[in-house]
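So you know, we letter chains A, B, ... as the sequences are listed, proteins then strands, and number each from 1. Heavy atoms only: backbone and side chains are in, while hydrogens, waters and symmetry mates are out. Being a predicted model, the structure only gives us computed values, none of them experimental.
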2 protein chains.
Amino acid sequence: MTSRPPRPRERGIPEATVARLPVYLRALQALQDRGTLTVSSEALASAAGVNSAKLRKDLSHLGSYGTRGVGYEVEYLVYQISRELGLTQDWAVAIAGIGNLGRALANYGGFGTRGFRIAALLDADPAMVGQSVASLDVRHIDNLEDVVRSTGVSIGVITTPAASAQGVATRFVQAGVASILNFAPVVLNVPDGVDVRKVDLSIELQILAFHAQRRADGDGRDAERAGLELM
Amino acid sequence: MTSRPPRPRERGIPEATVARLPVYLRALQALQDRGTLTVSSEALASAAGVNSAKLRKDLSHLGSYGTRGVGYEVEYLVYQISRELGLTQDWAVAIAGIGNLGRALANYGGFGTRGFRIAALLDADPAMVGQSVASLDVRHIDNLEDVVRSTGVSIGVITTPAASAQGVATRFVQAGVASILNFAPVVLNVPDGVDVRKVDLSIELQILAFHAQRRADGDGRDAERAGLELM
DNA sequence: ACGTGCTTGTGAAAGCATGCACAAAGTGGG
DNA sequence: CCCACTTTGTGCATGCTTTCACAAGCACGT
Ligand SMILES: NC(=O)c1ccc[n+]([C@@H]2O[C@H](COP(=O)([O-])OP(=O)(O)OC[C@H]3O[C@@H](n4cnc5c(N)ncnc54)[C@H](O)[C@@H]3O)[C@@H](O)[C@H]2O)c1
Ligand SMILES: NC(=O)c1ccc[n+]([C@@H]2O[C@H](COP(=O)([O-])OP(=O)(O)OC[C@H]3O[C@@H](n4cnc5c(N)ncnc54)[C@H](O)[C@@H]3O)[C@@H](O)[C@H]2O)c1
């Protein structure tokens with residue numbers, strides 16, 4: 001490809017940066033709770049577990065919110081990041097699949113604190129429908145479209161068994177939900193423009209196992225083996 | 001630590017590849033269940049939701065396990081990836097914090113199927129200790145060291161409240177657990193050589209919110225605005 | 001008003017990751 | 001045995017991320 005079409009190059013915050021903003025936000029809120037007024041990139045970076053140059057570059061994408069010689073004003077930065085992430089508005093979330101995991105999520109208090117409100121619970125099991133979980137009635141999945149429309153849901157969380165996940169995802173999309181968080185161990189197929197993120201515990205464990213095995217293989221004879229094997 | 005030893009450039013599989021291997025593995029196992037014997041990079045890539053060139057490059061890091069003109073033998077590839085990920089051995093997992101989430105994990109059947117065995121449950125609440133969850137006795141967190149030693153735990157999962165997570169992590173590390181999966185919304189501080197992965201639902205939702213807001217901002221006047229803003 | 005000391009914001013370099021495109025290598029039919 | 005066809009494995013170009021290193025900017029004390 002030589003002449004790359006004009007590519008309007010939307011005001012872009014790099015994806016890697018977006019993924020770290022919530023981490024900074026949390027660290028900042030902890031500082032705020034402790035009454036700290038300003039913080040240096042060094043201190044905030046250390047609280048967030050990243051390199052300070054990276055932190056500064058990340059924040060520079062949002063604008064110039066620091067003061068040289070001083071640092072960043074905590075409260076102002078909290079506001080700027082919140083705004084950038086869209087947390088100054090309220091997001092209604094629906095959870096589909098009220099089993100072990102769905103119930104844990106529904107009962108979890110930590111979401112409401114940050115702009116997310118669980119607005120609907122959906123399940124296919126007639127025995128489940130009508131029950132009250134975390135002060136919400138579980139509705140039948142067949143009512144998905146209605147529920148989404150009437151409660152203004154814009155984020156869908158899928159905690160159904162793997163076999164049902166694609167179907168639920170498709171229905172979410174058809175109902176106008178363009179942001180999906182998927183816990184089922186399947187690759188979801190959705191149209192362009194729909195944003196799917198997955199949380200997959202099995203995968204995380206497998207990655208841990210890979211590194212653990214690496215460590216175990218090498219222990220003691222690491223240097224020698226690595227050296228030899230390259231010859 | 002800091003003083004990077006010569007680093008003999010260990011036979012390295014890129015981290016991005018490692019993170020995808022479990023996805024390929026799952027897709028392959030689905031094919032296997034359907035009785036498929038061989039699969040092309042194109043087909044497997046599509047099942048795994050990635051580009052086929054990427055898939056081939058990923059697999060090439062494990063060795064040359066394909067046959068040109070034919071594809072990959074499913075069973076053989078399953079074995080090779082499993083071996084590379086360390087799934088041919090058994091990993092004993094301990095869960096600390098048997099609340100909403102810890103219980104959901106403990107009751108989840110999907111781990112055992114892939115080399116992971118939940119070997120111990122730990123909690124600090126006296127009312128919880130002694131109860132039986134998923135056919136395991138909940139032990140008191142004070143026994144962490146004993147439990148880790150006696151059950152051979154090598155992976156620790158943390159589902160305690162945020163405030164307790166660092167303490168539990170430190171104790172896991174001191175007991176010799178060098179792989180930790182953390183669900184609590186805090187940045188854990190651990191010595192070098194210890195591998196921590198985090199699963200953070202709040203962060204995932206916030207990333208979804210960011211993109212959702214982007215879409216909403218731009219809708220309708222996207223093209224014009226993007227173009228104009230660059231001038 | 002000016003110098004000192006600290007910290008930000010950002011070029012520039014190096015390191016990773018992605019995806020194209022194609023030669024090399026295998027299969028199967030004639 | 002050879003040819004047409006398929007699909008792998010990988011060199012290369014491109015773009016994204018991280019990190020270094022330092023000039024520019026600001027606060028504060030004198
Ligand atoms: N529980 C865990 O710790 C855990 C861990 C990792 C992954 N997961 C994954 O999360 C998902 C849920 O796990 P779980 O343990 O809660 O399972 P579960 O069986 O306890 O719950 C699943 C729920 O989904 C409902 N359901 C089934 N089909 C549905 C449909 N079409 N529409 C709406 N609801 C439907 C069921 O009635 C049930 O209530 C699974 O895909 C699982 O693989 C769970
Ligand atoms: N439940 C969810 O859906 C969800 C979602 C996102 C994040 N999280 C995070 O996961 C963690 C657990 O969430 P939860 O909803 O299960 O909380 P929970 O309060 O239901 O359970 C926490 C459990 O940890 C135990 N505990 C406290 N201190 C301990 C210690 N020092 N050692 C061992 N156990 C200890 C408590 O006794 C309790 O049983 C929290 O950090 C939470 O922020 C949970």
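Annotation: proximity of residues 18-29 of chain B to DNA chain D (heavy atom, distance under 4.0 Å) is found for no residue. Contact check of residues 64-71 of chain B against DNA chain C (heavy atom, cut-off under 4.0 Å) returns T67(B), R68(B), V70(B). Sorted by residue number, the members of residues 37-55 of chain A with any non-hydrogen atom under 4.0 Å from DNA chain C read S40(A), S41(A).
One axis for each end of the helix from dA1(C)-dT30(D) to dG30(C)-dC1(D), each built from five base pairs, and the angle between them comes to 0° at 10° resolution.
Using a distance-only test at 3.5 Å, with no hydrogens or angles considered, no donor-acceptor pair links the side chain of S46(A) to the main chain of E42(A). Formation of a donor-acceptor pair under 3.5 Å by the E84(B) side chain with backbone atoms of F210(A) is not found in this model. Remark: the backbone N or O of Q206(A) is not paired with any side-chain donor or acceptor of W91(B) at under 3.5 angstrom. Under the 3.5 Å distance criterion, the side-chain polar atoms of T159(B) are matched with a main-chain donor or acceptor of G97(B).
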List the atom pairs, with distances to 0.1 Å, where a side-chain N or O of residues 177-188 of chain A and a protein N or O form a donor-acceptor pair under 3.5 Å, not counting sequence neighbours.
| from | atom 1 | to | atom 2 | distance (Å) |
| --- | --- | --- | --- | --- |
| S179(A) | OG | R215(B) | NH2 | 2.8 |
| N182(A) | OD1 | A184(A) | N | 2.9 |
| N182(A) | ND2 | A184(A) | O | 3.1 |
| N182(A) | ND2 | V186(A) | O | 3.3 |

Tabulate below the donor-acceptor pairs under 3.5 Å that side-chain atoms of residues 24-32 of chain B make, not counting sequence neighbours, or state none.
| from | atom 1 | to | atom 2 | distance (Å) |
| --- | --- | --- | --- | --- |
| Y24(B) | OH | R20(B) | NE | 3.3 |
| Y24(B) | OH | D58(B) | OD2 | 2.5 |
| R26(B) | NH1 | D200(A) | OD2 | 2.6 |
| R26(B) | NH2 | D200(A) | OD1 | 3.0 |
| R26(B) | NH2 | D200(A) | OD2 | 2.9 |
| Q29(B) | OE1 | R114(B) | NH1 | 2.6 |

Side-chain donor/acceptor pairs under 3.5 Å, residues 65-72 of chain B, sequence neighbours excluded:
| from | atom 1 | to | atom 2 | distance (Å) |
| --- | --- | --- | --- | --- |
| Y65(B) | OH | L62(B) | O | 3.1 |
| Y65(B) | OH | Q80(B) | OE1 | 3.1 |

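Take S164(B) and apply the side chain to side chain contact (heavy atoms under 4.5 Å, CB included) test, not counting sequence neighbours, and it matches T160(B), P161(B). The ring-ring contact (aromatic ring centres under 6.0 Å, His included) test applied to Y79(B) returns no partner, not counting sequence neighbours. Residues meeting the side-chain hydrogen bond (donor to acceptor under 3.5 Å, both in side chains) test with R197(B), sequence neighbours left out: E204(A). With sequence neighbours excluded, no residue forms a side-chain hydrogen bond (donor to acceptor under 3.5 Å, both in side chains) with N51(A).
Under the salt bridge (charged side-chain N to carboxylate O under 4.0 Å, His left out) criterion, no residue pair touches residues 174-187 of chain B, with sequence neighbours excluded.
If you measure from atom CZ of R56(A) to atom P of dT17(D), you get 19 Å, rounded to the nearest angstrom. Between I13(A) atom CD1 and dC16(D) atom P there is a gap of 15 Å when expressed in whole angstrom units. E15(B) places its CD atom 12 Å from the P atom of dT18(C), with the value rounded to the nearest Å. Going from atom CD of E73(A) over to atom C1' of dA27(D) covers 15 Å, rounded to whole Å.
Between Y72(B) and dG9(D) there is a side-chain polar atom (N or O) within less than 4.0 angstrom of OP1 or OP2.
Between K57(B) and T17(A), the residue anchored nearer the 5' end of DNA chain D, judged by the nucleotide with its closest heavy atom, is K57(B).
Annotation for E75(A): atom CD does not count as buried by contact number, only 12 or fewer foreign heavy atoms lying within 6.0 Å.
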